[in-house]
Participant: 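Questions regarding the structure given below will be posed in turn.
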Number of protein chains: 2
Amino acid sequence: MARRTRRTHNTGATREALMTAAADLFAGRGFDGVRVEQIARRAGVNKAMISYHFGGKLGLYRAILVDLFAGMNTELEALGRSPAPADELLREFVGIIASRSRSHPGFPAMLIREVISGGQHMADSMLPRILSVFQSVRGIVEKGVREGTFRAVDPILTHLTIIGSLVFFFATDPMRVRMVKAGMLPEGVKPPSPEAFVIHIQELVARGLAAETAPVPTRR
Amino acid sequence: MARRTRRTHNTGATREALMTAAADLFAGRGFDGVRVEQIARRAGVNKAMISYHFGGKLGLYRAILVDLFAGMNTELEALGRSPAPADELLREFVGIIASRSRSHPGFPAMLIREVISGGQHMADSMLPRILSVFQSVRGIVEKGVREGTFRAVDPILTHLTIIGSLVFFFATDPMRVRMVKAGMLPEGVKPPSPEAFVIHIQELVARGLAAETAPVPTRR
DNA sequence: GTCTATAGGCTGATAGAC
DNA sequence: GTCTATCAGCCTATAGAC
């Protein structure tokens, strides 16, 4: 998966510095909230390099998005071929989204911002990459229902629940950081670790989707 | 709760038109993605009215945020005083967030954008209003654990899961609309209705938090 | 591939008439 | 309370030297 333009032995260091710096900024302030000069400064390169390497601010933004989804989908592909039971696959799905959110901190926020805006900066050709994440969950859920380990839940609803709570958690870290700094958190309340959240989601989903082995406690 | 300046019988129609139009636009494109001229046009009033009534673009944005949280918290207050069992209260909490997201369509996206950015446009004095939503869930969860209907879950994790999946669902409607328009949805896949999602979340949470009456099926 | 200088366009705010 | 006209500042993109 080499880049294109590569004549010298400089491995596109400028390119990558720009993408890393920009991902961080775009995540925190959105496309319109970031100045190209700011990206360049943070990346330690010249402003004009953005146009040279990416054809402009939007090109840079899109390149980041493509990279993010490509990596995500590559990692998820293995799940579709695994023979593991559905409930275990779902746990792994959660783990993958979480670990990727941590290795690429800008991913959750950029994804959310983009999706919230209806994909304002995405060409139609990018939509399948988003759908592909859903297909991954869909396959697992349908498998679980078929095998009788899950109750007859809707794959879309399940997907939206899991991905929504996960990306929300990782994307909202800045707010929790601020709360702590401002000393606003109530007594005995501490921001949860990513590990704790992942386990919580995995457990909640496993129990919540489990086929009826016993009736649900209360009911109105 | 009357507004201030009201000499004539004009009930601040301009003010409200601006707030409604702006909420919609801010939700879809973020603070920096919206032009004041755009807001004014959509509201059918003059550009200069934004400065006159709100002191500027930021003032308008903040006024919307304050209104949104005030309404939300007012509605949630009743939950804290209700004698209903915890699992029912949690269902109601979900219902309230959902119905408010529908009556104020800009709410979920504005909330998410703001929280993702670490509250870039919020003064410290607004932070308690966000925390207050958490406190509401916290009270319910702790009650359920105390009464033995919930297993010993962490209120913060539970709160983040519920609020995250809910606001994500409602805020991402634009993307689903686009998917449909682009004819990109796979065979037999249709965007879920808000009602279906609410029920799904309520059910998932009720089952997922229920105290151990039976063992969870599979375990690695 | 990188940098400087600059152009060209747009943006939010306000002064002042009504 | 509302509107028109206007301005100062800022932002992205690029031409052209190295």
Side-chain angles (χ1 to χ4, degrees), chain A residues 2-26 28-65 110 113 117 120-122, chain B residues 2-65 110 113 117 120-123:
Chain A
R3 301 251 178 270
R4 49 235 141 107
T5 329
R6 188 189 307 171
R7 227 182 324 243
T8 76
H9 48 30
N10 178 336
T11 325
T14 296
R15 246 188 106 84
E16 284 182 29
L18 280 171
M19 289 179 78
T20 305
D24 228 54
L25 290 165
F26 284 142
R29 305 168 137 274
F31 182 80
D32 298 302
V34 178
R35 309 295 126 209
V36 294
E37 203 275 329
Q38 204 180 357
I39 299 172
R41 202 185 327 132
R42 162 101 63 122
V45 309
N46 190 281
K47 209 162 96 81
M49 290 298 95
I50 292 172
S51 290
Y52 178 77
H53 283 286
F54 301 95
K57 186 185 180 183
L58 182 59
L60 168 56
Y61 181 92
R62 283 182 165 155
I64 296 168
L65 232 42
M110 281 190 73
R113 288 196 131 98
S117 76
Q120 220 196 317
H121 311 96
M122 293 196 301
Chain B
R3 300 252 178 273
R4 48 243 144 95
T5 329
R6 190 189 308 170
R7 228 184 320 246
T8 78
H9 47 30
N10 177 334
T11 325
T14 296
R15 247 188 104 85
E16 283 182 29
L18 280 171
M19 289 179 77
T20 306
D24 228 53
L25 290 165
F26 284 142
R29 307 169 137 276
F31 182 80
D32 298 302
V34 178
R35 310 293 129 214
V36 295
E37 204 275 329
Q38 203 180 357
I39 299 172
R41 201 184 327 131
R42 162 100 64 121
V45 309
N46 191 281
K47 206 163 96 89
M49 289 298 94
I50 292 172
S51 290
Y52 178 77
H53 283 287
F54 301 94
K57 186 184 180 184
L58 182 59
L60 168 55
Y61 181 92
R62 284 184 165 155
I64 296 168
L65 232 42
M110 281 189 73
R113 287 196 132 98
S117 76
Q120 221 196 315
H121 311 97
M122 294 195 302

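Side chains included, hydrogens not; waters and symmetry mates left out as well; all remaining heavy atoms used. Numbers restart at 1 for each chain; the letters A, B, ... are given by sequence-line order, proteins then strands.
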Participant: If you define the side chain from C-beta out and look only at heavy atoms, does anything of A/Phe26 sit under 4.5 Å from A/Arg113?
Facilitator: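 No, too far: nothing below the 4.5 Å cut-off.
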Participant: Can you give one letter per nucleotide of nucleotides 11-18 of chain D, going 5' to 3': B for a protein heavy atom under 4.0 Å from the base, S for sugar-phosphate only, - for none?
Facilitator: SBBB----
Participant: Who pairs with B/Arg42 by side-chain hydrogen bond (donor to acceptor under 3.5 Å, both in side chains), at least two apart in sequence or on another chain?
Facilitator: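 By the side-chain hydrogen bond (donor to acceptor under 3.5 Å, both in side chains) rule, B/Arg42 matches B/Asp24.
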Participant: Would you tell me if any nitrogen or oxygen in the side chain of A/Thr14 comes within less than 4.0 Å of OP1 or OP2 on C/dG1?
Facilitator: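 Answer no for this pair, as no side-chain N or O of A/Thr14 is under 4.0 Å from OP1 or OP2.
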Participant: Measure from CG on B/Leu18 to C1' on D/dT2 and round the result to the nearest Å.
Facilitator: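 So the CG-C1' distance, B/Leu18 to D/dT2, works out to 12 Å.
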Participant: Got B/Phe31 and A/Asp32 here, is their nearest side-chain heavy-atom distance under 4.5 Å?
Facilitator: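 No; the side chains remain at least 4.5 Å from each other.
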Participant: Donor-acceptor pair, distance only, cut-off 3.5 Å: does the side chain of B/Lys57 make one with the backbone of B/Ile50?
Facilitator: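 Answer holds: no.
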Participant: What's the separation between atom CD in B/Glu16 and atom NE2 in B/His53, rounded to the nearest 0.5 Å?
Facilitator: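 Going from the CD atom of B/Glu16 to the NE2 atom of B/His53 covers 11.0 Å.
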Participant: Atom OH of A/Tyr52 to atom C1' of C/dT4: distance rounded to whole Å?
Facilitator: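 Result: 17 Å.
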Participant: Nearest 0.5 Å, please: how far is CZ in A/Arg41 from CG in A/Leu25?
Facilitator: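 Reported value, rounded in 0.5 Å steps: 9.5 Å.
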Participant: Quick one: is D/dT4 close enough that its OP1 or OP2 comes under 4.0 Å of any side-chain N or O from B/Asn46?
Facilitator: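 Yes, because at least one side-chain N or O of B/Asn46 sits under 4.0 Å from OP1 or OP2 of D/dT4.
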